[in-house]
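Numbering of ligands and ligand atoms starts at 1, following listing order.
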Amino acid sequence: MAAPNIETIVSLAKRRGFVFPSSEIYGGLGSAWDYGPLGVELSNNVKQQWWRWIVHERDDMEGIDSSIILNRLVWKYSGHEETFSDPLVDCRDCNSRLRADKLTVKLGALMSPQSINYEEALQQKLLACPNCGSTNLTEPRPFNLMFRTTIGAAAEEDDPNALAYLRPETAQGIFINFLNIQTTLRRKIPFGIAQIGKSFRNEVTPGNFIFRTREFEQMEMEYFVKPGEDERVHQEWIDACFDWYKSLGLAADNLRLYEQPKEELAHYAKRTVDIHYRFFPERAEDERQWDELMGIANRTDFDLRAHSKKPENTEGKRLNPDSTEDLSYFDEATKERYYPYVIEPAAGVNRSVLAFLMDAYTERTTDKNETRVVLKLHPSLAPIKAAVLPLAKNKPEIVGMAKAIKRSLQPTLRAVYDDTGGIGKLYARQDEIGTPFCVTVDHQSLEDEAVTVRDRDTWEQERIKVADLREHLQRKLNEK
Ligand code: GAP
């Protein structure tokens, strides 16, 4: 079955408690979203899987959780103050504020947004306002995406000494801690540092549900290598990240690698390959169906050099007069000193959650010709692993037994108890939220100390002894 469009997922997400529009009782807040009880479980599972894969299962990785608000100088020397901006245009007819590089070409020309030189296209009046169709647009001007704030109780709003930013990427918190981690953990190159956390960007045109928001979460890792090894290691991480998404159930048909052309590369990047997901299957042109799920960049030695106090060259010009540290690395074995190159796999938690939801969405027709939604999430991502359901909710012995079974499962796997409907409805509800197994307690269970276990994907049922249930479910979850 083809992937559903985002609207189908928005509706399911709200109906079943995955994601709600934020501040809804006050009319919402642009494109802010709140994760509900199922959404927070799903998003936590995505983060846990990523952390386990990239940190726990490797020998060359450390983790970190750095501050969201950093010294302003971090953003000065990283280049964000000067260059972290989007080209902004206004529509002179309807006053819409638009991102020039995301406008599509008028007159139906089938060009990907990536391949358009928007400055030329604007001059030739080829770009149109998506809201009113006008080509009467202003010249593009840079709009810095960092959210500004001020530090300290006495700070005036325009006091430059109090100015600070909410971080627009988690990466810089890693670079400024490179030396702390490398020396305290006695790490040798190559090794990596991973971080999961919130980032903030004052996006010009947020939208498409949780795809582009102003507050979002990132899962980033900076892998430090010897210059010269960077290209090989970069390719290894590209392949590994692509396989990670497939291993958690994303269909290969809905994933592709996208090589960023030179003119699209960030100021620090030598090469960047994005993993694209087919987020917009309803769009007619194939090229516009895809957008970025994660990026894997070769950031060279840009960041460590930029934050270092070390002299840059023989003239002794200091790279960074404000930094107190040199972030170069001394290789004891070869007696060489160098700035490590950095390979950076950077993924969005929210976009990953969206892709996993879209890819898991299926519909199935019952014997009675009713359409059921079955969310075939990978079991490790499913918010609930097992739902324990009593066949008769007015029979205290059955209810008591079902609740006791739920309690016995919950130390090892996320289980819920539900008696708020007939068994058909309860199964349908669990299918729709992706619960791999339903456990039904019936009259017979009181006699034979066994329950019925129903599989979400096959709808097949089998009878399992209560004493073996936990082990049985754990084994089945691992097998799926
Ligand atoms: N440190 C590199 C960096 O931040 P990026 O491509 O700008 O790279 C990495 O961001 C990932 O973060 C993206 O691939 C995307 O999944 C996610 N992301 C970026 N901006 C986002 C936004 N406004 N809303 C949701 N996710 C976003």
Side-chain angles (χ1 to χ4, degrees), residues 6 19 22 29-33 35 43 46-47 50 64 66 68 70 74-75 78-80 83-86 99 101-102 114 143-147 165-176 192-223 234 237-238 241-242 244-245 250 255-260 264-277 279 290-300 302-304 306 342-358:
I6 287 183
V19 182
S22 184
L29 173 69
S31 68
W33 300 88
Y35 284 103
S43 135
V46 168
K47 289 183 275 184
W50 187 81
I64 188 177
S66 68
I68 285 175
L70 304 174
V74 173
W75 307 110
S78 68
H80 283 79
T83 62
F84 195 62
S85 53
D86 279 341
R99 233 180 103 171
D101 60 333
K102 292 284 175 189
Q114 285 96 354
F143 171 73
N144 195 292
L145 298 184
M146 285 195 291
F147 273 102
Y165 303 103
L166 303 188
R167 68 179 175 202
E169 63 170 12
T170 63
Q172 296 302 323
I174 296 178
F175 297 131
I176 57 173
I193 305 174
Q195 165 152 244
I196 299 177
K198 289 240 171 166
S199 291
F200 303 82
R201 296 181 190 178
N202 200 0
E203 297 283 359
V204 179
T205 47
N208 288 315
F209 189 40
I210 52 175
F211 179 81
R212 180 171 287 108
T213 48
R214 295 191 170 109
E215 173 181 342
F216 55 96
E217 256 183 312
Q218 291 186 305
M219 306 184 284
E220 298 201 285
M221 190 277 287
E222 311 300 325
Y223 197 76
H234 188 199
W237 277 108
I238 295 166
C241 292
F242 198 81
W244 183 74
Y245 278 111
L250 293 194
L255 289 168
R256 74 171 191 186
L257 292 176
Y258 172 77
E259 180 88 35
Q260 285 192 9
E264 243 181 72
L265 289 176
H267 60 280
Y268 50 72
K270 171 172 163 186
R271 179 186 176 214
T272 299
V273 175
D274 293 336
I275 296 181
H276 277 188
Y277 181 74
F279 282 109
W290 302 90
D291 215 326
E292 181 184 335
L293 176 58
M294 78 175 292
I296 305 122
N298 180 345
R299 292 184 78 124
T300 68
F302 175 87
D303 301 274
L304 292 182
V342 173
I343 306 303
E344 178 196 64
V349 175
N350 314 60
R351 286 190 196 178
S352 300
V353 165
L354 180 58
F356 286 126
L357 282 172
M358 290 180 73

Exercise. Can any side-chain N or O of Arg167 pair as donor or acceptor with the backbone N or O of Lys198 at less than 3.5 Å?
Worked result: yes
Do side-chain atoms of Gln195 reach the backbone of Thr170 as a donor and acceptor pair under 3.5 angstrom? yes
If you scan protein heavy atoms around atom 24 (N) of ligand 1, the nearest is Thr213 N, 3.1 Å
of all protein heavy atoms, closest to atom 25 (C) of ligand 1 is Phe211 O, 3.1 Å
**Asked** Looking only at distance, does Ala171 have an N or O less than 3.5 Å from an N or O of ligand 1?
**Response** no
- Message: Under 4.0 Å between a side-chain nitrogen and a carboxylate oxygen: does that hold for Arg201 and Glu215?
- Response: no
Exercise for review: Say whether Leu293 and ligand 1 are in contact under the criterion: heavy-atom distance to a ligand atom below 4.0 Å.
Suggested key: yes
the protein heavy atom lying closest to atom 13 (C) of ligand 1 turns out to be Glu292 OE2, 3.2 Å
Of all protein heavy atoms, the one nearest atom 7 (O) of ligand 1 is Arg201 NH1, 2.8 Å
Logged contact type for Arg299 with ligand 1, heavy-atom cut-off 4.0 Å, is side chain
Under 3.5 Å, N or O to N or O, is Glu203 touching ligand 1 that way? yes
*Under a 4.5 Å cut-off applied to non-hydrogen side-chain atoms, are Gln218 and Ile196 in contact?*
no
Does Glu217 offer a backbone N or O that forms a donor-acceptor pair with the side chain of Asn350 under 3.5 Å? yes
Applying side chain to side chain contact (heavy atoms under 4.5 Å, CB included) to Ser78 and not counting sequence neighbours gives Trp75, His80, Gln172, His307
of all protein heavy atoms, closest to atom 17 (C) of ligand 1 is Gly348 CA, 3.7 Å
Exercise for the section: Dump the intermediate steps for side chain to side chain contact (heavy atoms under 4.5 Å, CB included) on Ile238 and Ile275, then the final yes or no. Expected result: CA-CA 8 Å; Ile238 295 166; Ile275 296 181; 5.7 Å; no
Output yes when a side-chain donor or acceptor of Asn144 lies under 3.5 Å from a complementary backbone atom of Met146, and no otherwise. yes
the protein heavy atom lying closest to atom 18 (N) of ligand 1 turns out to be Phe216 CE1, 3.6 Å
Checking heavy-atom distances from atom 9 (C) of ligand 1 to each of Arg167, Gln218, Glu169, the winner is Gln218
Please report whether ligand 1 has a polar contact with Glu344, defined as an N or O pair separated by less than 3.5 Å (distance criterion only).
yes
The option among Met219, Arg351, Met221 carrying the non-hydrogen atom nearest to atom 15 (C) of ligand 1 is Arg351
request  = Looking only at distances, please establish whether an N/O atom of ligand 1 is found under 3.5 Å from an N/O atom of Glu220.
outcome  = yes
Exercise. In terms of ring plane angle, is the pair Phe211 and Phe279 parallel, tilted or perpendicular, where the classes change at 30° and 60°?
Worked result: perpendicular
inquiry  = Assess, by modelled atom type and distance only, whether the side chains of Thr213 and Glu203 contain a donor and an acceptor separated by less than 3.5 Å.
reply    = no
Note: ligand 1 atoms sitting under 4.0 Å from heavy atoms of Met294 are 14 (O)
Short version for Asn350: what comes under 4.0 Å of ligand 1, heavy atoms counted, is neither
A student checking ligand 1 against Arg212 at a 4.0 Å heavy-atom cut-off should list atoms 23 (N), 24 (N)
Quiz item: Does one side chain, of Glu169 or Ser199, offer a donor that lies under 3.5 Å from an acceptor on the other?
Solution: no
* So, does His276 sit close enough to ligand 1 that a heavy atom of it is under 4.0 Å from the ligand? -> no
